Amino acid sequence: MTALELDRITHRYPGTERPALSEVSVAVPAGRMLAVVGPSGSGKSTLLRAAAGLVRPTSGAVHLAGRDVTDLPVERRDVTVMFQEPTLFDHLDVAGNVAFAPRLAGARRREARRLARRYLDLVRLPGLQDRPVSALSGGQAQRVALARALAAERSVLLLDEPFSALDSELRRAMHDLVGEVRAALDPTLVLVTHDLDEAALADRVLVVIDGVAHQHAPAAAVYTRPASLAVARMLGGFTEVPGIVRRGIHHSDWGRMPVDLFGEGPAVLLLRREDLRLTSQATPGTVGITARVTHRRVRGRRVVATLRAPAGTTIEVELPLGRDVRVGQETVVQAGPGPAWALPATAAETVPAPGPDPDPAAETPGAVFTERSADPRGPVAQR
Ligand SMILES: Nc1ncnc2c1ncn2[C@@H]1O[C@H](COP(=O)(O)OP(=O)(O)OP(=O)(O)O)[C@@H](O)[C@H]1O
């Protein structure tokens with residue numbers, strides 16, 4: 001069953017030029033978790049608010065369990081929303097906060113306190129029932145807020161960056177907790193987040209950029225096979241190699257690389273920094289280019305080197321710490337063997353003249369790409 005469905009949601013705030021959301025559609029099956037990611041100002045919170053009933057979309061419809069709720073206010077929808085700030089009630093103790101929603105729904109005091117205890121146990125805060133909320137740490141307060149959201153026992157839980165104010169250790173603890181809550185209660189969740197590691201908690205990720213849904217797929221697919229250059233740039237860590245695809249081979253100044261792309265024409269090869277190597281000589285069957293190291297930075301047990309190729313391309317390579325990489329060093333950057341991920345170049349991309357082409361008849365610039373026949377990314381909600 002589909003728990004939540006957004007059907008071509010467009011929203012334009014009064015007095016603004018551009019819509020905050022344009023024709024975004026997505027469905028979340030019951031018991032599943034969707035993460036919504038995108039740059040700041042891309043429309044993520046607006047999407048969540050439209051699902052919650054906190055904004056009335058300019059057009060489009062919201063369905064909960066198959067019922068059109070577009071015109072219902074938040075309190076009449078089967079949803080709970082949790083925000084970045086815990087916004088607990090200061091005049092109530094911890095249990096009073098968690099028991100608030102069941103009390104509002106008509107539960108007797110005893111029953112509401114029992115539910116509060118249950119959800120405080122689940123978020124691993126037993127024994128704190130009687131504590132004033134002013135005496136809680138940030139992490140504890142957010143756990144209480146989660147317990148309170150769960151105690152409302154609504155079908156869909158909408159989380160708007162709930163863990164982004166926590167330090168990384170507390171955030172990881174909250175991620176574990178989300179896993180435990182899912183195992184115990186099987187709720188339908190929508191999580192808005194900036195954090196791509198956090199997005200990987202979800203069954204699927206919806207990438208929203210400038211109000212448009214670019215990709216709807218499992219996190220691993222978004223990470224390795226971004227559906228657009230905008231998604232790749234948002235993720236970071238990709239080297240873009242412009243060129244031309246002919247008969248499944250991408251031709252560029254890096255060489256010839258088999259690609260996972262059905263179609264012909266200008267295309268950008270996307271090479272992840274973890275998939276590139278530095279070598280003194282290119283190996284047959286791979287592609288590579290000579291480049292000079294311009295920066296080097298350490299990330300935990302890895303080192304990220306930035307290089308510049310003669311044509312001006314910036315390349316990022318991630319290597320094990322301890323690999324000898326010196327700024328100023330000239331080296332060969334190597335990728336492959338493929339197939340690699342490539343995207344049709346959009347009109348906005350500058351595509352330099354390709355290298356030697358085996359098929360002169362196919363030299364037409366701007367050739368049209370066909371649809372991928374079996375798209376491993378899953379359906380794209382809206383491009
Ligand atoms: N109440 C409002 N009135 C006018 N414009 C708004 C309002 N709320 C949001 N916007 C605009 O709508 C766009 C999308 O905002 P939204 O808050 O949904 O983005 P977001 O992706 O959640 O951003 P962030 O990650 O920074 O929270 C932005 O351009 C924002 O400035």
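Hydrogens, waters and symmetry mates play no part in the numbers below; they use all other heavy atoms, side chains included. Both ligands and their constituent atoms are indexed starting at 1 by order of listing. Values in this document were obtained by computation on a predicted structure and should not be read as measured data.
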Please classify the R18 to ligand 1 contact at 4.0 Å (heavy-atom distances, strictly less than): side chain, backbone, both or neither.
neither

Is there a donor-acceptor contact under 3.5 Å linking the side chains of S164 and Q84?
yes

Within the structure, is a non-hydrogen atom of P14 found at a distance of less than 4.0 Å from ligand 1?
no

At less than 4.0 angstrom from any non-hydrogen atom of P39, what atoms of ligand 1 do you find?
21 (O)

Within 4.0 Å of some non-hydrogen atom of A20, the atoms of ligand 1 are 12 (O), 13 (C), 14 (C)

Using a 4.0 Å cutoff against the non-hydrogen atoms of S42, which atoms of ligand 1 qualify?
19 (O), 20 (P), 21 (O)

Is atom 31 (O) of ligand 1 less than 4.0 angstrom from some protein heavy atom?
no

Around atom 19 (O) of ligand 1, find the nearest protein heavy atom and jot down its residue, atom name and distance.
G43 N, 3.2 Å

Under 6.0 Å from the six-membered ring centre of F89 and within 45° of its axis: does the NZ or CZ of R148 meet both?
yes

Please find the pair of heavy atoms, one from V28 and one from R32, that lie closest to each other, and give the distance.
CG1-O, 3.9 Å

If hydrogens are left out, which of G38, S45, G41, G15 has an atom nearest to atom 17 (O) of ligand 1, that is, the closest non-hydrogen atom?
S45

re atom 26 (O) of ligand 1, the protein heavy-atom contact at minimum distance is S40 OG, 2.6 Å

R272 versus Y223, side-chain donor and acceptor atoms under 3.5 Å:
yes

So, for atom 13 (C) of ligand 1, does the protein have a heavy atom nearer than 4.0 Å?
yes

Can we say D160 and R49 salt-bridge, meaning some charged N sits less than 4.0 Å from an Asp/Glu carboxylate O?
no

Should E330 and T290 count as side-chain neighbours, where that means a heavy-atom distance under 4.5 Å?
yes

Students should be able to answer this: which protein heavy-atom is nearest to atom 9 (C) of ligand 1, and at what distance?
Y13 CE1, 3.4 Å

Can you sort out which atoms of ligand 1 are near E161, meaning under 4.0 Å from one of its heavy atoms?
25 (O)

Shortest protein contact, atom 25 (O) of ligand 1 (heavy atom only):
K44 NZ, 2.8 Å

Testing the basics here: between P320 and V303, what is the closest heavy-atom pair and its distance to 0.1 Å?
O-CG1, 3.7 Å

Is the number of heavy atoms from other residues, nucleotides or ligands under 6.0 Å of R297 CZ greater than 12?
yes

Testing the 3.5 Å rule here: is there a donor-acceptor pair between the side chains of S228 and H214?
yes

With a 4.5 Å cut-off on side-chain heavy-atom distances among I, L, V, M, F, W and Y, is there a chain of contacts connecting L88 to L115?
yes

Counting only heavy atoms, tell me which of V208, V36, V37, T46 gets closest to atom 18 (O) of ligand 1.
T46

Please work out whether any backbone atom (N, CA, C, O) or any side-chain heavy atom from C-beta onward of L47 is under 4.0 Å from ligand 1, and answer side chain, backbone, both or neither.
neither

Atoms in ligand 1 flagged as close to H194, the criterion being non-hydrogen separation under 4.0 Å
25 (O)

Where ligand 1 meets T16 - atom numbers and elements under 4.0 angstrom, heavy-atom basis
4 (C), 5 (N)

Count I, L, V, M, F, W, Y as connected when their side-chain heavy atoms are under 4.5 Å apart, and connections chain through other members. Are L185 and V123 then in the same cluster?
yes

